[in-house]
2 protein chains.
Amino acid sequence: MANPGKAAKAASNPEVAVEGRKVGQVLAAARHIFLEEGYGSASMDAIAREASVSKATLYAYYPSKEALFAACVSEECGKHRIVYEAIEAEHLPIDQALIRVGLQFMRFLLRPEVLAVHRVVVGESGRFPELGRAFYESGPCLIEARTAEFLQHVSERGELEIPNPQVAAELFLAMIKGHVHLRGTLAIAHKLDVAELERFITEAVRVFIAGYQPKS
Amino acid sequence: MANPGKAAKAASNPEVAVEGRKVGQVLAAARHIFLEEGYGSASMDAIAREASVSKATLYAYYPSKEALFAACVSEECGKHRIVYEAIEAEHLPIDQALIRVGLQFMRFLLRPEVLAVHRVVVGESGRFPELGRAFYESGPCLIEARTAEFLQHVSERGELEIPNPQVAAELFLAMIKGHVHLRGTLAIAHKLDVAELERFITEAVRVFIAGYQPKS
DNA sequence: GTCTATAAATGGATAGAC
DNA sequence: GTCTATCCATTTATAGAC
C-alpha cells in the first residue's frame, strides 16, 4: 500500500494538503475561481495564473475544463461531510437541544464558502446533473439522515413521539432554514441579526415540538 | 398616449407579445438561451441566431450582454407576481385549505421554467446582486406576504391562534418546500410521486396546525 | 512533468452601408 | 432600424522543447 519510492511527496506545501504539490495549487485555484466566477465565466487562463502553473500543466492533470470543474466542486461537496459534526446536545432538554442543533445548522449553512458552493452547484446543475446529485447526497441528504437519527433517539426516550423521523427531520430542517438561507444564497446583504435568528429558530422549535408532542 | 403613426405594430407576430416585433424575438431568445446555458456560458451569437436577427440589432436594443441579461431575467421575475393567484381556499376547513395552498405552491415552484429561473438567479446572484434582490422581492417575499395575509384572516376567525403571521407564513412555506424543491433546483431526476408529496404536505400541515392551535 | 508558444475557434462589441 | 463584415481580445486546447 505505502509507496516507498515517492514517500515524502506531500505535506511540504503551505497550500491545501492534496497529494502532490502542483495539483494542490491547481485544485485550490480552480476552487477559488470557479466559486467566484461560476463555470461559464471562469477561464482556464485565470486558474493557471492563480495556480502559478502553465495551462499545459492544467491539461496534464485534467483533460478538460469540465473535468476540472467536476473534480474540484465534487471535492468541495465531499468536505461538507466532515463539517457537520455529531450533535452534542443529547443531554439538554429537548427544546434547548433543538435550538442548539438549529443554530449549529445555520451557522454552517451561512458560511460564505458553503453559500458559494451552493450557488455554483445550483447554477450549473442543469448542465452537470451528476453534480447536483453529488451535492445533494453529500450535503442536505446526509444532514437530514443524521438529524433523523437524533430524532429517533429523542422519540425512543419518549421526549417526543415521532412515527417517521425522516419526514420529521425534513420538516425541522426546512423550518430552520426559512428564508434566511435563501437570502444568503441570493447574496442579499441583510445584516444578519443573530438575536432575531435565534427568536425565529425558537419559534420553529416550538411549532415542531407541538407537532410531535407525546399523546400521553 | 396612443401613437397613430405606428398603430398596428404589435400583435402580428406568433412570438411573445412584447412591444415591437424584433425586440420580442430578442427577449424570447435571450430568455431561452440564458435560462438554458446560464450567463457565462451563453453567447450573444447564439441569442442573435435564435432570434433570427443580427448581433448589431441586439446591441441596438441593449448596450451590453449584462444589460440584456438583467432585463430579460428581471422581466421573468416580474411574471411570477401574476402566477400565484389569490388563495381561493377560504371556505374550506383549515387543514384542507392549507393542504390546498401547499399543493398550489409546489405546483408553481416545480414548473420547469420557474426552476430554471431559480437556478440562473441563484447561480449569478453573486455577480449580479440587484438580481438576487429583485427575484427575492418579486417571488418568495411576495408569496410569503400573501400567505401571511391569509393566515391573519384565519387567525382573526379564530380557527388558529397566530400572533405573528409573517413568521408563521415563513415556517409554513418552508416546511411545504422541504427537500422536494431543492431536488428540483438541483435537477435531480426523481420521479415526483404526487401521492407522496401530498402525504408530506399533509404531515407539514398537521405539524403547523398543532403549533398554532388556539388555547381555548 | 513542466514550460513557451501557438493554433483554431469564439467571445463581446462596432463601423458603415442601406 | 437592420444588416454584413469585421476588429480585437480572449477562449479552450495542443505541439514541441527541455
Side-chain angles (χ1 to χ4, degrees), chain A residues 3 5-10 12-13 15 18-34 36-73 124 127-128, chain B residues 3 5-13 15-16 18-34 36-73 120 123-124 127-128:
Chain A
N3 191 334
K6 21 177 102 175
K9 194 174 167 191
S12 65
N13 188 292
E15 303 287 330
V18 193
E19 48 162 326
R21 206 176 86 260
K22 304 223 158 177
V23 73
Q25 291 169 21
V26 166
L27 273 177
R31 187 192 99 98
H32 182 211
I33 300 284
F34 278 133
E36 194 158 280
E37 314 263 349
Y39 176 77
S41 301
S43 81
M44 296 294 263
D45 282 84
I47 293 171
R49 205 178 313 127
E50 176 154 330
S52 304
V53 298
S54 72
K55 276 200 293 179
T57 304
L58 247 60
Y59 283 95
Y61 284 113
Y62 300 94
S64 69
K65 184 184 177 184
E66 286 200 8
L68 177 55
F69 178 67
C72 137
V73 179
E124 303 298 334
R127 268 103 41 207
F128 295 85
Chain B
N3 191 332
K6 19 176 102 175
K9 194 175 167 190
S12 64
N13 187 291
E15 304 286 328
V16 186
V18 193
E19 48 161 326
R21 206 176 87 260
K22 303 225 159 177
V23 73
Q25 291 170 20
V26 166
L27 273 177
R31 186 192 100 98
H32 182 210
I33 300 285
F34 278 133
E36 193 159 280
E37 314 263 348
Y39 176 77
S41 301
S43 80
M44 295 295 262
D45 283 84
I47 293 171
R49 205 178 313 128
E50 176 154 329
S52 304
V53 298
S54 71
K55 273 202 291 181
T57 304
L58 247 60
Y59 283 95
Y61 285 114
Y62 300 94
S64 68
K65 183 184 177 184
E66 286 199 8
L68 177 55
F69 179 66
C72 137
V73 178
V120 167
E124 303 299 333
R127 268 106 38 208
F128 296 84

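Protein chains get the first letters and strands the later ones, always in sequence-line order, with residue 1 at the start of each. Computed from heavy atoms alone, side chains included, the values below leave out hydrogens, waters and symmetry copies.
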>> What is the distance, to the nearest angstrom, from the CD atom on A/Glu37 to the P atom on D/dT11?
In response: 10 Å
>> Do B/Tyr61 and B/Leu27 have side chains that approach each other closer than 4.5 Å (heavy atoms only, starting at C-beta)?
In response: no
>> Any heavy-atom pair between the side chains of A/Met44 and A/Leu68 that's under 4.5 Å?
In response: yes
> Once you round it to whole Å, what is the distance between P of D/dT10 and CZ of A/Arg49?
Replying inline: 9 Å
>> Quick check: closest heavy atoms across A/Tyr59 and A/Ser64, and the distance to 0.1 Å?
In response: CE2-CA, 4.0 Å
> Looking for any heavy atom pair under 4.0 Å, which part of the strands does B/Tyr61 touch: base, sugar-phosphate only, or nothing?
Replying inline: sugar-phosphate
> Does OP1 or OP2 of D/dT12 have a side-chain N or O of A/Ser64 closer than 4.0 Å?
Replying inline: no
>> Expressed as a whole number of angstroms, how long is the span from A/Leu58:CG to C/dG1:P?
In response: 14 Å
>> Under 4.0 Å, counting only non-hydrogen atoms across every strand here, what does B/Ser54 touch: a base, just sugar-phosphate, or nothing?
In response: base
> In terms of the nearest nucleotide of DNA chain D, which residue is placed more toward the 5' end: A/Gly40 or A/Ala56?
Replying inline: A/Gly40
>> Angle between ring planes, A/Tyr39 versus A/Phe128, binned at 30° and 60°: parallel, tilted or perpendicular?
In response: perpendicular
>> Looking at B/Lys22 and B/Ala51, would you say the former's side chain and the latter's main chain have a donor-acceptor pair under 3.5 Å?
In response: no
>> Using OP1 and OP2 only, check whether a side-chain N or O of B/Lys55 sits under 4.0 Å from C/dT10.
In response: no
> Separation of B/Ile47 atom CD1 from C/dT10 atom P, in whole Å?
Replying inline: 17 Å
> Under 4.0 Å between a side-chain N/O of A/Tyr59 and OP1 or OP2 of D/dA13, yes or no?
Replying inline: yes
>> For a quick check of understanding: with a heavy-atom distance under 4.0 Å over all strands, which category does B/Ala48 fall into, base, sugar-phosphate or nothing?
In response: nothing
>> Whole angstroms only, please: what is the NZ-C1' distance between A/Lys65 and D/dT14?
In response: 17 Å
> With respect to the phosphate group of D/dT11, does any side-chain polar atom (N or O) of A/Ser43 fall under 4.0 Å of OP1 or OP2?
Replying inline: yes
> Does OP1 or OP2 of C/dG1 have a side-chain N or O of A/Thr57 closer than 4.0 Å?
Replying inline: no
>> Pick the closest DNA chain D nucleotide for A/Asp45 and for B/Val53 by heavy atoms, then say which residue is nearer the 5' end.
In response: B/Val53
> Tell me: CE of A/Met44 to C1' of D/dT14, nearest whole Å?
Replying inline: 12 Å
